[in-house]
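Just the heavy atoms: all of them, side chains too, but no hydrogens, waters or symmetry mates, feed the values below.
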Amino acid sequence: AADALLSRDPALKRGAIETLARIRTTASVDWILRARTAAAPEVRFYATSALTQLKRDFELSIRAAERETVLHPGDAALRLTLERVRYEYAVSGMIDGPAREALLLECRRRAAAAAEREPGAARLAYLVERAIDPAASFAALERLERLAPDHGARWLRERVELLFELGRPA
């Protein structure tokens with residue numbers, strides 16, 4: 001899809017933007033943001049439309065998850081789902097620095113208590129911590145290693161990727 005954005009055909013670019021919007025990763029959103037500066041007005045329109053729809057989808061998902069947590073206040077899985085959606089929105093590249101930081105800090109606070117006993121919450125806490133301060137995320141990764149030792153190879157890969165990102169030798 002990113003290659004199609006580099007083409008000269010607006011129809012190809014539209015299809016690429018639609019595909020990237022369905023992928024919903026930080027990298028795909030970054031490509032759509034780049035397309036907003038295209039010379040062709042129709043490409044800028046497609047990119048802006050896709051970003052508007054993505055933002056609406058994230059906000060609807062957050063509101064739906066919030067409603068469910070209100071209806072089922074004791075359900076830890078629903079609270080974790082809400083924090084996961086908030087985290088995904090925060091790291092999507094669609095919101096600015098201060099709003100992103102505030103959302104991540106709130107996710108950190110809410111996931112912290114459950115992270116001590118629940119592997120899913122510990123995984124989210126690690127991802128949030130890594131997004132906030134990669135150098136400080138080793139403690140969260142060690143907690144994951146304790147809570148889910150059967151995923152040792154996965155945690156080793158995470159550790160190596162983190163060390164590489166920080167420019168430290170593995």
Side-chain angles (χ1 to χ4, degrees), residues 1-2 5 13 16-38 43-70 73 75-116 118-144 147 154-155 157-168:
L5 274 179
K13 289 182 180 196
I17 290 168
E18 290 170 353
T19 299
L20 290 167
R22 282 191 301 274
I23 294 172
R24 287 175 53 154
T25 64
T26 304
S28 66
V29 170
D30 186 50
W31 278 103
I32 298 170
L33 288 168
R34 289 182 200 180
R36 278 192 0 192
T37 63
V43 174
R44 291 194 308 270
F45 172 78
Y46 299 141
T48 300
S49 296
L51 290 169
T52 301
Q53 184 61 46
L54 278 170
K55 185 176 188 309
R56 187 177 6 220
D57 290 349
F58 273 118
E59 290 172 355
L60 285 172
S61 295
I62 289 170
R63 282 198 299 274
E66 286 171 339
R67 259 191 318 275
E68 287 300 313
T69 60
V70 168
D75 193 328
L78 288 175
R79 283 195 314 273
L80 185 59
T81 298
L82 172 59
E83 296 314 314
R84 165 110 20 217
V85 173
R86 287 179 172 157
Y87 162 77
E88 289 172 358
Y89 187 36
V91 298
S92 70
M94 297 187 60
I95 55 178
D96 67 352
R100 175 187 186 274
E101 201 68 24
L103 199 51
L104 286 171
L105 290 173
E106 186 63 21
C107 286
R108 173 203 268 167
R109 186 183 68 75
R110 291 183 177 180
E116 293 301 324
E118 167 61 38
R123 173 75 176 148
L124 179 60
Y126 165 69
L127 292 171
V128 168
E129 197 62 44
R130 186 170 176 176
I132 294 171
D133 181 7
S137 64
F138 287 102
L141 184 56
E142 289 168 4
R143 181 176 45 229
L144 264 175
L147 285 173
R154 181 178 183 182
W155 309 142
R157 186 180 69 241
E158 290 283 347
R159 183 175 298 281
V160 169
E161 287 176 7
L162 185 56
L163 288 167
F164 182 77
E165 179 182 329
L166 294 170
R168 298 181 188 167

Problem set entry | Partner set under ring pair (Phe, Tyr, Trp, His ring centres under 6.0 Å) for W31, not counting sequence neighbours | none
Note, [X] side chain near [Y] side chain (heavy atom, < 4.5 Å):
X	Y	result
D57	R24	yes
L162	R159	no
V29	L51	yes

For this session: Evaluate the side-chain contact (heavy atoms from CB on, under 4.5 Å) criterion for residues L127 and R84: first the C-alpha distance (whole Å), next the side-chain angles of each, then the deciding distance (0.1 Å), finally the verdict.
Result: CA-CA 10 Å; L127 292 171; R84 165 110 20 217; 3.5 Å; yes
Contact summary for [X] and [Y], nearest pair of heavy atoms:
X	Y	answer
I32	I17	CD1-O, 4.0 Å
E129	S137	CG-CA, 3.7 Å
D96	A99	OD1-CB, 3.0 Å
G120	L80	C-CD2, 3.8 Å

Exercise. Are there more than 12 heavy atoms of other residues, nucleotides or ligands under 6.0 Å from atom CZ of F138?
Worked result: yes
For this session: Please identify each residue that fulfils side chain to side chain donor-acceptor pair (under 3.5 Å) with R34, with sequence neighbours left out.
Result: D30
Exercise. Who passes side chain to side chain donor-acceptor pair (under 3.5 Å) against R22, sequence neighbours left out?
Worked result: T19
